[in-house]
Amino acid sequence: MAARVARVMIDSPVPALDHLFDYAIPPVFADDIRVGCRVRVPLRSGGRLADGYVVELADSTTFDGELSELDDLISSVPILAPEVWRVARTVADRAAGSASDIVRLAVPKRHVRVEKAWLEAEPSMGAVEPAPLEGYPASADLLSGGTRTAMSAIPQLSTTEDGATIGRWAQSAVELATQVLARGRKIIIAVPDYRDLGQVLSALAPRVPPALVSRLDAKQPAAQRYRAFLECLNAGPRVIVGNRSAVYAPASDLDAILLWDDGDDLHAEPLAPYVHTRDAALVRQQDSGCALILMSHARSVESERLVEIGWLRSVSPERHVQPRVVLTNPAVDGDAARIPSTAWKTARSALDAGPVLVQVARPGYAPVVACQRCRTGARCAACGGPLGIRKPGRPPECTLCGAIAAEWRCDECGDTHLRLVSRGSARTTEELGRAFPGTSVITSDGDHPVERVPAKPALVVATRGAEPIAEGGYRAVLLLDGDRMLAREALTIASDCLRWWSNAAALAATGAPVVLVGVAGRLGTAFATWTSHAFAAEELADRRELGFPPAVRTVSVSGDLAAVESAVASLDTTSYRDVLGPSELPDGGVRSIVRFDYSAGPEVARALRAAIIANATRRRRSPAAKGGYRPPPTLRIRFDETELVT
DNA sequence: AGCACGCCGACT
DNA sequence: GTCGGCGTGCTC
C-alpha cells in the first residue's frame, strides 16, 4: 500500500522550522513520490508555500492536528539522498545550525532540461585499471572500510601521461581513486582551491574515462553542476571532485573521502553554520563507514590531535623525501637586505635553467604606509584601517574598506608625505625586474592568479597560496617574507606559515634549492627537516598547556549584548571551562568566546541552538530607532573558528 | 520570514 | 459598544 504521510524538511533558514513536518500525500502523487523528492508544501493553513524535501514516508503521523496536503511534487528524482540528509542533520546539530543550511550547500539548483536528459540517458559504465599507490609502503592499506588516515604527501612534482606537470599528491590521490573505481565504488576528493582542482582533473584525465568523473564546484555553470550532481546518484564507479561542499555529494556506495590540505582556510565554510570540511568529512566517515584520508604536505594541528587520540593513523611515504631547504637569517648573518645575498646567488644561477619562484607575504605595491616625518602608521579617515598603495603612482587606499585617501594628512603631526614601509608583490616585482634586466617577471596574487608558467627562465613573484605551477618545476624557490608572515597575530600563524612554505617548496624541481629567509628556531628546523608532524605535535602540546584549540573546543557567540549575554547565561556552567569577553566588535556588536571540552560538544550545541531559536522569535524590536544604524541584531554562533586572535 | 491570535486606546 | 494597534507565538 502506498504511503499516506510524507515527512518533510522545509527549505528555510528560519531556526524554528528546522524539524520535520508531516503532510498528507494526495493520491495524484502517491505513485511518484519517493524519499528525497523536492516538494512544495503549504505552511500555516495555506497562507503561503514553502519548498522542501521528503525525508521519510510513513503510513501515519504522530502530529495531533489535521495534516495539510502536499501542494506539489516538483520532481520524482530523489535529489536529497538519505545519507546526505543524515550527515546534514548530524553536522547541523553539532554546529547549532539548521539542517536546511547544510542541504542548501549540498544540493544545487534544479535545472529541468538537464534533469530530463539525465533521466533518459543510460548510466555510463566504464572499466578502470587500478593503479598501485606509488611511493608508500605496500602495507599502508588506506582504503579498507573504516580506515582513517593522516597521510603525508610526497613533496615532488609528477608528469601525467598527457605531459602536464602536477603535484605528486594529485597523482597519489588519483592512484587511490582508480582502486576505488576498479571495485565499482565511489570516492569524493575535496580540495581547497581551483588550482588544486585543476591538478586532480589533469591527473584523472589519462586514467579515468570522463564519464566517471563528476566535478562539483561553485564556479561551474548551473546546468553542468546539476548534471554532475545527478550523475552522483547513478549506481556504479565514480570520482567526485570538487571544493569544500563536495563532501556533501550524494553517493550511497561511498568507498572513500580524500581531503587535500585540511589546514587550508578555504576548507572553512563561510556560510552558517560554518562547518569545516574536515568536520563534515569526519561525520560522514562515521555515518557511512567509508575510508577517510586527510592528505597534506604539512600536517595540521587538528589532524595531529586526531592522530594522537588514535582516531587517525599516520601514514608516511616509503622513504623520506624532502625539498633541499636552505635557511638564511639576515639578522644573524649580518645581511639585513630584503633579499639577502644567498637568495640573490641562488636566483641568479637557477635562472639559467628555468623559472624561479619568489614567494612574498602580501600583494600590492606597498601594503603598509606611514607618515614620512613621524613614522606613525597611516590610517583610513573613514574606518581607521591601515592604508596601503596598490600600484606605484596610485593614491593610498584603505586595506579594509577600500576608501581612497587622496588627501591624506597625518593625525599626529599634520605632515602630508607618506613613507613606504613594506614591500608587496608589485614592488618586489619592480625591484627584481631592475636587478635582473632582460628576465621576464610574472606576478601572481589572489586578485590575478596565474595557474601555470612554462619551463622557461622567469622570475615568478607570488603571494602565499597563489603560486603557479611551473612546467617541470621551479629551479629555485625563494621564500622571502618568512619573518613578515610570522609577524601576523594569529594563534595558528606558525602552522599556517609552515603550510604555506611547504606547499611552495613542493613546487620545486627535484633537487632545486628552497631558500627560506629570516626564520630560525624550531619552526625553521621543522621546515628544513620536513617534519611538520613533529612540529604539529609540539604545537598541540603548547596549546594544551594554554588551553587553546584544538586542545579544547571553542564557540564564538556574537551579536548584540543582550542576546550574547543571555545565550552564554543559558549554558550550564559545568559544561564549559570559561568565557572570554564579551568584547566589542567593530560592527557595533559584541563577542564572547566559550572554551569547552570535546565531551561537552553536544550539550553546548544543544543549549546554543535553543538560544538561537529563542533569539529569533523574541527579537522583533519596535520599528528601528531613527538613525539608520543598527547593530547586527542576530545571534551568531560559530564553533571552532580558526581566526581567533590570542 | 509571514501570518494569526490577542489584549488595550480612539472611533462611529 | 467595536475597529485595529502591533507584541507574541506558531507554522504539519
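Every chain is numbered from 1 and lettered A, B, ... according to where its sequence line falls, protein lines coming before strand lines.
- Applying the side chain to side chain contact (heavy atoms under 4.5 Å, CB included) rule to A:Tyr598 yields the partners A:Arg305, A:Pro550, A:Arg553; only residues at least two apart in sequence or on another chain are considered.
- Qualifying side chain to side chain donor-acceptor pair (under 3.5 Å) partners for A:Ser558, counting only residues two or more places apart in sequence or in other chains: none.
- With sequence neighbours excluded, no residue satisfies side chain to side chain donor-acceptor pair (under 3.5 Å) with A:Asp264.
- Atoms CG (A:Leu20) and P (C:dT11) sit 15 Å apart, rounded to a whole Å.
- Legend: salt bridge (Lys or Arg N to Asp or Glu O under 4.0 Å) pairs involving residues 286-295 of chain A, not counting sequence neighbours, sorted by first then second residue: A:Arg86-A:Asp287.
- Annotation: side chain to side chain donor-acceptor pair (under 3.5 Å) contacts involving residues 20-37 of chain A, sequence neighbours excluded, comprise A:Arg7-A:Asp22, A:Asp22-A:Thr61.
- At the heavy-atom level, A:Leu17 lies under 4.0 Å from base atoms of the strands shown.
- Straight-line distance from the CG atom of A:Asp101 to the C1' atom of B:dA1: 14 Å, rounded to whole Å.
- A straight line from CG of A:Asp64 to P of C:dT11 spans 10 Å, rounded to a whole angstrom.
- The interatomic distance linking A:Arg48 (CZ) with C:dT11 (C1') rounds to 7 Å, in whole Å.
- Atoms CD1 (A:Ile613) and C1' (B:dA1) sit 15 Å apart, rounded to a whole Å.
- The CZ atom of A:Arg104 sits 13 Å away from the P atom of B:dA1 (whole-angstrom rounding).
- As rounded to whole Å, 11 Å separates atom P of C:dC10 from atom NE2 of A:His19.
- A donor-acceptor pair shorter than 3.5 Å cannot be found between the side chains of A:Tyr576 and A:Asp597.
- One can place CZ of A:Arg40 at 18 Å from C1' of C:dC12, the figure rounded to the nearest angstrom.
- Residues of residues 21-32 of chain A having a heavy atom closer than 4.0 Å to DNA chain C, listed by number: A:Phe21, A:Asp22, A:Tyr23.
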